Structure formats: C-alpha cells, structure tokens
Amino acid sequence: AQTVTQSQPEMSVQEAETVTLSCTYDTSESDYYLFWYKQPPSRQMILVIRQEAYKQQNATENRFSVNFQKAAKSFSLKISDSQLGDAAMYFCAYRGFSDSKLTFGKGITLSVRP
Amino acid sequence: GAVVSQHPSWVICKSGTSVKIECRSLDFQATTMFWYRQFPKQSLMLMATSNEGSKATYEQGVEKDKFLINHASLTLSTLTVTSAHPEDSSFYICSAQALAGGPGEQYFGPGTRLTVT
C-alpha cells in the first residue's frame, strides 16, 4: 500500500521569505500523481500544485514550486515570497496512475509571521 | 468551473437521529465521488468511494450500515449518518472526479460540520 509521510507537524515563516515543506512517499508503482493541497481556516481544500511522475520537470505555479526526486521518493513544496494568506494546513497526497483514490499525508500547519 | 457544493454546511442533530448530507457537482458530471471525514488538525480519512449507479465501496473500518452513501446521479451523492452518536461529530468532506482514474482531478466540497448532541 502507498504511504505518504509528512514528518513536520508545524512550520513558521516570515512574510516575504521562502519556506519548504517536506513530503516523502512510498510506492511500488512507476506512474502516479503527486499533489499538494492547501486547507485554510475555512477548511476548503484547494489544489496548490500537481506533479505527474513521468514528467522530469518540476511543476511550478506562480510562487509555488516543487522539488520532485523520484528515486528518493521525495516531493517537497517551496513557497516563495510568503504571504499572510499562505497560512494554512498543507497536505501532500499521492494517487496511482490508474487509480482514483488519494492517499494523504498527516499535513503540516504553516504559520506566516508579519 | 469545477465547483462542488455541500449542503448543509453545518448541522446539529440529537443523538439517535439520522442526518443526510448532500454533495453536488455543479458544472460537471462526476463519475466518482468520495467521502472523507476529518477531525480537527488531522488529515482527511477516506470513508468510501461511490460510482454513479452502483454501490459504494467502503474503506476498512467504516460501518456501511451507519454511513449510507447513495450516488443516484452524475451530479449528486448523499451521505446519511444513521442513528447518530456524539462520536460521529466531525467534519465531513466530499470530492468529485470527472474521469475515473487518469488525469481527472478531484474537486472538493466546502465540507459539512456535524455536531451530535
């Protein structure tokens, strides 16, 4: 079974600085998808970024980028120029290529200091 | 596009009663819908997967007789918590996927907070 590990329960970053959230996963599949979701205090899940395992290029979405290391099964999220609105819980998630179910990590609470 | 709604957003019910939560995909047809449960400051726990017109597939440890899921159409799935007890109090989130497997994204509803008194 696939597992997703987020070992840091909390992180804090100064506004305008850069922060990296870590995620590792375990799978025996070669093709899959990885996601980072944001859950702000409203609790609405928001897709931040997604990475297809067959793509070597790291995904980027504006201030958000990932460092995808397939061999190491590592998928970290970098948030540049952090903003107060980035404060939220962030979940790393895995989905098999032909599967529908998402496997979530435990999440990390990110706070942003003004 | 790709909006999923849930109703109600917050419900309080008495112990022993049943409560129904609706999940609707507003601008797309969802072949697959998922129901999650989330406790404060914890991750989402998948309860069941439902495909339109067929019985839901429940995750291990989830009581199918207690959490009734119906996916009656391509835009509506319902979760009914039967004979609710205080320990059922939680935040319930649904998500909907347009295409089974493949690159289809899961779009999440805003969640329903259930409080059982």
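Remember, predicted model here, so these are calculated numbers, not experimental data. So that the names make sense, note that chain A is the first sequence line, chain B the second, and so on, each numbered from 1.
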Parallel, tilted or perpendicular: which one describes the rings of Tyr37(A) and Phe104(A), with boundaries at 30° and 60°? tilted
Given heavy-atom pairs under 4.5 angstrom as the criterion, report whether the side chain, backbone, both or neither of Leu44(B) touches chain A. both
So, Gln38(B) versus Gln39(A): side-chain donor-acceptor pair below 3.5 Å or not? yes
With no hydrogens and no angle check, just 3.5 Å: does a side-chain donor-acceptor pair link Gln6(B) and Thr112(B)? yes
Top contributor to chain B contacts, counting heavy-atom pairs under 4.5 Å, from Thr103(A), Asp31(A), Leu102(A): Leu102(A)
Quick check on Lys70(A): does its NZ atom have over 12 non-hydrogen neighbours (other residues, nucleotides or ligands) under 6.0 Å away? yes
So, the part of Met45(A) with a heavy atom under 4.5 Å from chain B: the answer is both
